Amino acid sequence: MDRYSDEELLTGLRERDAVCIRELYREFFPLTRSIVEKNSGTHEDAEDVFQDGLLALYQKVRSGEVHLHCSLKTYFYSICWKIWMQRLERKWRLKYQSEFVHEPAEDYHSVELDFDEQKLERTRLYRLHFLSLPEDCQQVLRLFLCKTPLKEIASIMGFRDVNYAKTRKYLCKNMLRKRILMDPRCKRFIDE
Amino acid sequence: MSNREKLPEWIVRYNEQDLAGDELHSFLEMIERNPAIEREVRLDLALNEVLRDEELIDLQAKILQAVHPVVRMNGMGKKLLLFAAALLALLLLEVAVSRLCTRTLQSYDRSGGMADREVKTGPYANERQAQTPLPDDKGSKPRMNRQIQESKAPERSLLAEAFRPNPELEELVGISVRSGYFRLLSPVPLTLEKRSREIVVRWESDLEDELDLVVVDNRGEKVLEVNRIATDRYSFARDRLKSGLYYLKFLQGRELISMGKLVVE
């Protein structure tokens, strides 16, 4: 199988191409897992870090901030490394001491990255809960947030009238809030 | 609708700046009384910001699909899977029911020792009627290997069922429910030995009228009835009763005088 070039991968990521995303997972997840599991993390932590890393990379690609002076792998590795180290410090699972941190074997460049690791995690969790809502709830909320006219929403969703469309919106939003409030992972974000 | 029920709506409308007048006033009062509502308002606001970025939601959905792929099947595939699942469920149910039945029968086989009972009323108040334990073949027969034992278990269980005491009838054994004297003399011991060809029932009583004797099995089903016995005994062929536990009802008119017990091996 021909490997995708870094340029192809970045283009595919910018377009949110599903095939490209699967390829990114296949290529880069083992690396992410290696960083996390060698530094007090679990497989689940590694999956979270990979998702956050990919979302952070996407936002940079979308805003045109990515100018690669190294391989995409190196760049992505640096993103994940930074995310995980910040997360460890924040959660106090491991106090950041150089002797306990397994440095990468190769000479990976230290890439300057500025992103809010906590915000990455918070927004990921909120989106996860949104994606766990029933399909019709997701659609109703999307339509409202896009400022679609009420009558059109009622027509698209097959509701009897605009009042019912509003009621569904309130109920779906309430369902989403409740799910997040009941998630212990979200507790610290809500209490702050 | 109470204010509490309107809360989900008010939270959303408050953040959309669509709340005014009395509703806004009531809502702000609720927030003041309950800080948890304020947290929900902030959460709702944060959600609005997150959910507006459709591209990130789309990307996250695709990342999830890559990390945890969900196999999508066509209609036929789903039907086949449902069919296979139903078959498996039926098979498991059958195994479970079969095991439960076997265990139940085995527990009947194991239980069944009759406890000694003390007669509490009437002339028998100070007497104890000894009750013979159920036949037990563990001591007398040689040990069988496990396979043979397992194949004989259902057969033994059915036999054991015939010897299981009937709780309702057990309570009446030995009790004289009428004033007057009545005492069962035989069969004593209560277990009839195999070599006996005849069952002899004897009693002594000061009751003047004739008695009726009804023999029931341990399920309470009548197997023998003899009316108007003028003497103090009655005998009948052993062949009339299969192996099992029986109760002897002595009646006058339709009233129960006393109850005896008999075990036929």
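Values below: every heavy atom of this structure, side chains too, minus hydrogens, waters and symmetry copies. Letters A, B, ... mirror the listed sequences (proteins, then strands); counts begin at 1. This is a predicted model, so every value here is computed, not measured.
- B:Asn15 and A:Lys173 share no donor-acceptor pair across their side chains, judged by distance under 3.5 Å alone.
- Contact of the B:Leu51 side chain with the A:Arg142 side chain is not registered, since no non-hydrogen atoms from C-beta on lie closer than 4.5 Å.
- For A:Phe159, the CZ atom counts as densely surrounded, since its 6.0 Å shell holds more than 12 non-hydrogen atoms of other residues, nucleotides or ligands.
- Of the two parts of A:Cys146, only the side chain, counted from C-beta on, holds a non-hydrogen atom closer than 4.5 Å to a non-hydrogen atom of chain B.
- Among the residues in residues 26-40 of chain B, those with a non-hydrogen atom closer than 4.5 angstrom to a non-hydrogen atom of chain A are B:Arg39, B:Glu40.
- To the nearest 0.5 Å, atom CD of residue B:Gln60 and atom CG of residue A:Leu125 are 8.5 Å apart.
- Within the 4.5 angstrom heavy-atom criterion, atoms from both the backbone and the side chain of A:Leu128 approach chain B.
- Options A:Arg122, A:Arg62, A:His129, A:Lys178 differ in how many heavy-atom pairs under 4.5 Å they form with chain B, and the most are formed by A:Arg62.
- Using a 4.5 Å cut-off between heavy atoms, A:Arg124 touches chain B through backbone and side chain atoms alike.
- When side chains are defined from C-beta on, A:Ile180 counts as touching B:Leu47, because their heavy atoms get closer than 4.5 Å.
- Between A:Asn174 atom CG and B:Ile11 atom CD1 the span is 7.0 Å, to the nearest 0.5 Å.
- Each of B:His68, B:Lys62, B:Glu9 has some count of heavy-atom pairs under 4.5 Å with chain A, and the biggest count is that of B:Glu9.
- Between chain A and the residues B:Arg52, B:Glu49, B:Glu54, B:Glu55, the most heavy-atom pairs under 4.5 angstrom are made by B:Glu55.
- Between B:Pro8 and A:Tyr170, the shortest heavy-atom distance links the atoms CB-O, 4.3 Å.
- Contact annotation for A:Lys166: neither backbone nor side-chain heavy atoms come within less than 4.5 Å of a heavy atom of chain B.
- Across B:Leu64, B:Val67, B:Leu7, the residue that shares the most heavy-atom pairs under 4.5 angstrom with chain A is B:Val67.
- Counting heavy-atom pairs under 4.5 Å between each of B:Val12, B:Asn48, B:Leu56 and chain A puts B:Leu56 at the top.
- Residues A:Gln59 and B:Leu59 have side chains not in contact (no heavy-atom distance under 4.5 Å, counting atoms from C-beta outward).
- Residue A:Gln138 does not touch chain B at all, counting heavy-atom pairs closer than 4.5 Å.
- Partners of B:Glu94 according to the side chain to side chain contact (heavy atoms under 4.5 Å, CB included) rule, which considers only residues two or more places apart in sequence or in another chain, do not exist here.
- Summarising the local packing, CD of A:Glu7 is surrounded by 12 or fewer heavy atoms from other residues, nucleotides or ligands at distances under 6.0 Å.
- B:Ile57 contributes atom CD1, which lies 10.5 Å from atom OG1 of A:Thr123 (distance to the nearest 0.5 angstrom).
- Side chains of A:Arg177 and B:Val41 form no contact here, defined as non-hydrogen atoms less than 4.5 Å apart.
- Ion pairing between A:Arg127 and B:Asp58 fails under the 4.0 Å rule for side-chain N and carboxylate O.
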